[in-house]
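This is the structure I want to talk about, given as structure tokens.
Every chain is numbered from 1 and lettered A, B, ... according to where its sequence line falls, protein lines coming before strand lines. Below, all heavy atoms of this structure are taken into account, side chains as well, without hydrogens, waters or symmetry copies.
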Protein chains: 2
Amino acid sequence: MRLSEGVEWTVHCCTLLAGLPPDAALSAKKLAEFFDVPPDYLAKHMQQMSKAGIVNTKKGPNGGYSLAKPARDITLLDMVEAIDGRVCSFKCTEIRQRGPSGVSPCSYKTPCGIARAMRKADQVWRDELRKTTLADLQIIGLRETPPEQMNKAITWLKGLFT
Amino acid sequence: MRLSEGVEWTVHCCTLLAGLPPDAALSAKKLAEFFDVPPDYLAKHMQQMSKAGIVNTKKGPNGGYSLAKPARDITLLDMVEAIDGRVCSFKCTEIRQRGPSGVSPCSYKTPCGIARAMRKADQVWRDELRKTTLADLQIIGLRETPPEQMNKAITWLKGLFT
DNA sequence: GAATGGGTACTCGGATATAACTTGTCCGAGTCTCTTAGG
DNA sequence: CCTAAGAGACTCGGACAAGTTATATCCGAGTACCCATTC
């Protein structure tokens, strides 16, 4: 069970977008250059973010991606689910109904106890992810990014908007 | 992100084993027959359970798998980690260090904030799984299994130990 | 009748193919901008 | 000098391969049991 690395990429991208002026947009190509990842593959993931309503897109020159909502209203869970989906990590195939001792499906009044426990754990995982917003990640980034990197990043960004 | 179906199989198998007399063992073949799953593939997963110290194995006729510890001392997390591994679902590739604004690794005093949030969520997920023991699952099974299935299962099991 | 040796059937364990999914790449549709020609 | 039309370049979006992991299968090593033979 491993999350797609697309999650890491897009969350970093959104954190970067959160630091831009409200009307600015960054293309997939530029984002990929900033993080040194495959441009086309990143674009594919950003499309999923667009479908999920997390980012807006703008075509043409000076177009690209920008946040669709305030950073405070975007949770880490929103971004994870945009890439990874909303289904529970545990899939119950009801093997209790199979085999020589299985009986008709309507005999089972409650969901499988194992599945219930797994779903509960999945729920607390999602609840925990919901607690962190993009604004939180942005603040952490501003506070903990090495000053040298901050300067390089600002210089790099300014070079795009001239 | 989806858990291997081997998790479902092995947890069900352990729950069944928990209901057997202490000295009894059930072979992978019989377990697979009980749940109607591929015997060889189930055996592969049960080997992982053996490596993790959850079940004991006994070769030869009337051999098979049996619990290595009391059901109360086996958590759902133990079984999940035996199959799925102990590594965090989120893999941080430190993309913050890459690209044109990256600086030397020693400049980063703290782990990436995104990775911290993801690891925290992974931790609460594992903590939740730790709360459920095999004994709990066994009790739930005894309470919620349809009586008709319970009878068929007992009959089936008795047929093996005659 | 009891003990012992060998054969047989059954078990786990690891090595080996196949299938599904994640990862990575490519090309087309749409849109803004810049240039250039005309009024 | 101002306006407007057109070409060009840049963007996203979905369709198309390659690599990796999960799934499924097979065969060999080891062990307990059963039976026949012998004392």
Fill in the blank from the handout: Of B/Gly6 and A/Pro61, the one whose nearest nucleotide on DNA chain D sits closer to the 5' end is A/Pro61
Problem - Connected via hydrophobic side-chain network under 4.5 Å: A/Val11 and B/Tyr108 - result: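 Unlinked, A/Val11 and B/Tyr108 end up in two clusters.
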Practice task
Classify the side-chain pair B/Gln149/A/Ser107 by whether it contains a donor and acceptor separated by less than 3.5 Å.
Solution key: no
Exercise for the section: Would you classify B/Pro38 as touching base, sugar-phosphate or nothing, given that sugar-phosphate means primed atoms plus P, OP1 and OP2, and contacts are heavy atoms under 4.0 Å? Expected result: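 Sugar-phosphate contact only.
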Practice task
Calculate the interatomic distance between A/Lys91 atom NZ and C/dA20 atom P; express it in whole Å.
Solution key: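 Whole-Å distance recorded here is 12 Å.
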Problem - Proximity to the side chain of B/Lys29 - top-ranked nucleotide from D/dC16, D/dG13, C/dT11 - result: C/dT11
Exercise for the section: Grab the CE-P distance between B/Met1 and C/dA20 for me, whole Å please. Expected result: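 About 23 Å, once rounded to whole Å.
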Exercise for the section: Take the protein atom CG of B/Leu42 and the nucleotide atom P of D/dT25, then report the distance between them rounded to whole Å. Expected result: 12 Å
Handout entry: Touch class at under 4.0 angstrom, heavy-atom based, for A/Ala43 against every strand present
Key =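 Nothing, no nucleic acid heavy atom in range.
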Practice task
Look at A/Lys51 and D/dG14 and indicate whether a side-chain polar atom (N or O) is within less than 4.0 Å of OP1 or OP2.
Solution key: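 Yes, such a contact exists.
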Exercise for the section: Grab the CH2-P distance between B/Trp9 and D/dA22 for me, whole Å please. Expected result: 14 Å
Practice task
On DNA chain C, check which nucleotide each of A/Lys59 and B/Arg2 is closest to and give me the residue with the more 5' one.
Solution key: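 Mapping each residue to its closest nucleotide by heavy atoms, the 5'-most match is B/Arg2.
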Exercise for the section: Check whether any side-chain heavy atom of B/Trp156 sits under 4.5 Å from a side-chain heavy atom of B/Phe34, and report yes or no. Expected result: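 SC-SC contact between B/Trp156 and B/Phe34 confirmed.
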Practice task
Using a cut-off of 6.0 Å, state whether more than 12 heavy atoms not belonging to A/Arg98 lie near its atom CZ.
Solution key: yes
Practice task
Can you tell me the distance, in whole Å, between the NZ atom of A/Lys30 and the C1' atom of D/dA9?
Solution key: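 Taking atom C1' of D/dA9 as the reference, NZ of A/Lys30 is at 13 Å.
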Handout entry: Euclidean distance, atom CG of residue B/Asp40 to atom C1' of D/dG28 [Å, nearest integer]
Key =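 To the nearest whole Å, that distance equals 13 Å.
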Problem - D/dT25 phosphate, OP1 or OP2, under 4.0 Å from B/Tyr41 side-chain N/O - result: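 Answer is no, no contact under 4.0 Å.
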Handout entry: Presence of A/Ser27 side-chain N/O under 4.0 Å of D/dC10 phosphate oxygens OP1/OP2
Key =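 No.
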Practice task
Would you kindly give the NE2-to-P distance between A/His45 and C/dG24, to the nearest whole Å?
Solution key: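 Roughly 8 Å, once rounded to whole Å.
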Exercise for the section: Decide if atom CG of B/Asp36 counts as having more than 12 heavy atoms of other residues, nucleotides or ligands within a radius under 6.0 Å. Expected result: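 Correct, the count exceeds 12.
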Exercise for the section: Taking only the side-chain nitrogens and oxygens of B/Ser50, find out if one of them lies under 4.0 Å from OP1 or OP2 of C/dG13. Expected result: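 Checking C/dG13 against B/Ser50, a side-chain N or O does come within under 4.0 Å of OP1 or OP2.
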Practice task
Measure from CD on B/Gln47 to C1' on C/dT11 and round the result to the nearest Å.
Solution key: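 My rounded result for the distance is 11 Å.
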